[in-house]
*Asks:* 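Following this message is one structure expressed as structure tokens.
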Amino acid sequence: ADLNRKNLFFTITTLDHKLMVMLEDKTITINKFYNLKNDPYELNNLFENKKNISNKILKKLLKKLYSERKNIFKIRGIKNLDTYFKQIKI
């Protein structure tokens with residue numbers, strides 16, 4: 001796989017939430033966000049209407065994703081996720 005040039009897609013799932021994002025160059029774009037407790041069949045993408053989205057939960061999930069895929073983010077030149085929260089398209 002070409003980790004330097006291609007768009008990369010990630011999913012992070014907890015018991016309560018599922019977050020799907022795309023890494024394009026150095027930009028993280030959120031594609032889908034589900035509350036699995038209220039929507040176990042993932043029918044209501046909270047990110048589509050941008051209502052009931054907790055930035056605290058999003059940051060927690062993104063930090064978890066970064067910690068699990070740190071090597072891939074470093075290949076893209078992302079050494080610290082905190083500096084990229086402003087670039088995340090919400």
Side-chain angles (χ1 to χ4, degrees):
D2 187 353
L3 299 178
N4 288 320
R5 296 185 306 209
K6 291 190 176 189
N7 295 343
L8 302 175
F9 297 87
F10 300 97
T11 300
I12 189 85
T13 306
T14 65
L15 293 175
D16 298 331
H17 298 93
K18 179 184 259 186
L19 178 67
M20 302 169 90
V21 301
M22 178 180 66
L23 178 60
E24 181 180 11
D25 193 30
K26 291 184 181 181
T27 302
I28 298 167
T29 303
I30 296 171
N31 295 323
K32 295 181 181 181
F33 180 58
Y34 297 103
N35 181 328
L36 298 177
K37 279 190 170 183
N38 297 334
D39 181 20
Y41 298 108
E42 301 173 20
L43 301 174
N44 182 27
N45 178 6
L46 297 175
F47 197 71
E48 282 183 354
N49 58 21
K50 297 189 175 39
K51 292 182 181 178
N52 301 317
I53 295 180
S54 167
N55 284 336
K56 181 179 176 181
I57 293 171
L58 286 177
K59 284 184 179 186
K60 180 181 174 183
L61 292 170
L62 288 167
K63 284 181 181 183
K64 182 173 175 59
L65 173 65
Y66 180 80
S67 71
E68 292 181 4
R69 300 289 183 245
K70 191 179 292 188
N71 291 340
I72 293 173
F73 283 94
K74 285 184 177 182
I75 288 171
R76 293 288 179 102
I78 301 171
K79 297 176 183 171
N80 183 331
L81 197 59
D82 292 335
T83 59
Y84 288 89
F85 280 130
K86 293 178 184 175
Q87 293 180 5
I88 297 169
K89 297 176 183 176
I90 298 177

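Along the sequence shown, residues carry numbers from 1.
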*Asks:* Strictly distance-based, threshold 3.5 Å: is any side-chain N or O of Asn44 a donor or acceptor partner for the main-chain N or O of Leu46?
*Replies:*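 Not a single qualifying donor-acceptor pair exists.
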
*Asks:* Could you pull out the closest heavy-atom pair between Val21 and Leu65, with the gap in Å?
*Replies:*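 The pair with the smallest heavy-atom distance is CG2-CD2, 3.6 Å.
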
*Asks:* Check step by step if ring pair (Phe, Tyr, Trp, His ring centres under 6.0 Å) holds for Phe10 and Tyr66.
*Replies:* CA-CA 10 Å; Phe10 300 97; Tyr66 180 80; over 10 Å; no

*Asks:* Rounded at 0.5 Å granularity, tell me how far CG in Leu36 sits from OG1 in Thr14.
*Replies:*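 With rounding to 0.5 Å, CG (Leu36) is 6.5 Å from OG1 (Thr14).
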
*Asks:* For the backbone of Leu43 and the side chain of Asp39, can you confirm whether one donor and one acceptor N or O come within less than 3.5 Å of each other?
*Replies:*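 Yes, Asp39 side chain to Leu43 backbone: donor-acceptor pair under 3.5 Å.
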
*Asks:* Which pair of heavy atoms, one from Ile28 and one from Phe73, lies closest together, and at what distance?
*Replies:*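 Heavy-atom minimum between the residues: CD1-CE2, 3.9 Å.
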
*Asks:* Rounded to the nearest 0.5 Å, what's the gap from CZ on Phe9 to CG on Leu23? Could you check?
*Replies:*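 One gets 10.0 Å once the value is rounded to the nearest 0.5 Å.
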
*Asks:* Kindly compute the distance separating NZ (Lys32) from NZ (Lys18), expressed to the nearest 0.5 Å.
*Replies:* 9.0 Å

*Asks:* Identify the two heavy atoms, one from Ile30 and one from Leu58, that lie closest to each other, and give their separation to 0.1 Å.
*Replies:* CD1-CD1, 4.0 Å

*Asks:* Which pair of non-hydrogen atoms, one from Thr11 and one from Met20, has the smallest distance, and what is that distance?
*Replies:*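 Closest approach of Thr11 to Met20, heavy atoms only: OG1-CG, 3.6 Å.
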
*Asks:* List the steps, then state whether side chain to side chain contact (heavy atoms under 4.5 Å, CB included) holds for Ile57 with Asp16.
*Replies:* CA-CA 10 Å; Ile57 293 171; Asp16 298 331; over 6 Å; no

*Asks:* So, taking the atom named NZ in Lys60 and the one named NZ in Lys56, what distance separates them when rounded to the nearest 0.5 Å?
*Replies:* 8.0 Å

*Asks:* Rounded to the nearest 0.5 Å, what's the gap from CZ on Arg69 to CD1 on Ile12? Could you check?
*Replies:* 8.0 Å

*Asks:* Verify the ring-centre separation between Phe33 and His17: is it less than 6.0 angstrom?
*Replies:* yes

*Asks:* Backbone N or O of Phe47 within a donor-acceptor pair of the Asn45 side chain at under 3.5 Å?
*Replies:* yes

*Asks:* With a 6.0 Å cut-off on the ring centroids, do Tyr34 and Tyr41 count as close?
*Replies:* no

*Asks:* Which pair of non-hydrogen atoms, one from Glu24 and one from Arg76, has the smallest distance, and what is that distance?
*Replies:* C-NH1, 3.9 Å

*Asks:* Taking Ile75 as the starting point, is it possible to reach Leu8 by hopping between hydrophobic residues whose side chains are less than 4.5 Å apart?
*Replies:*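 As far as the 4.5 Å side-chain criterion goes, Ile75 and Leu8 are connected within one cluster.
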
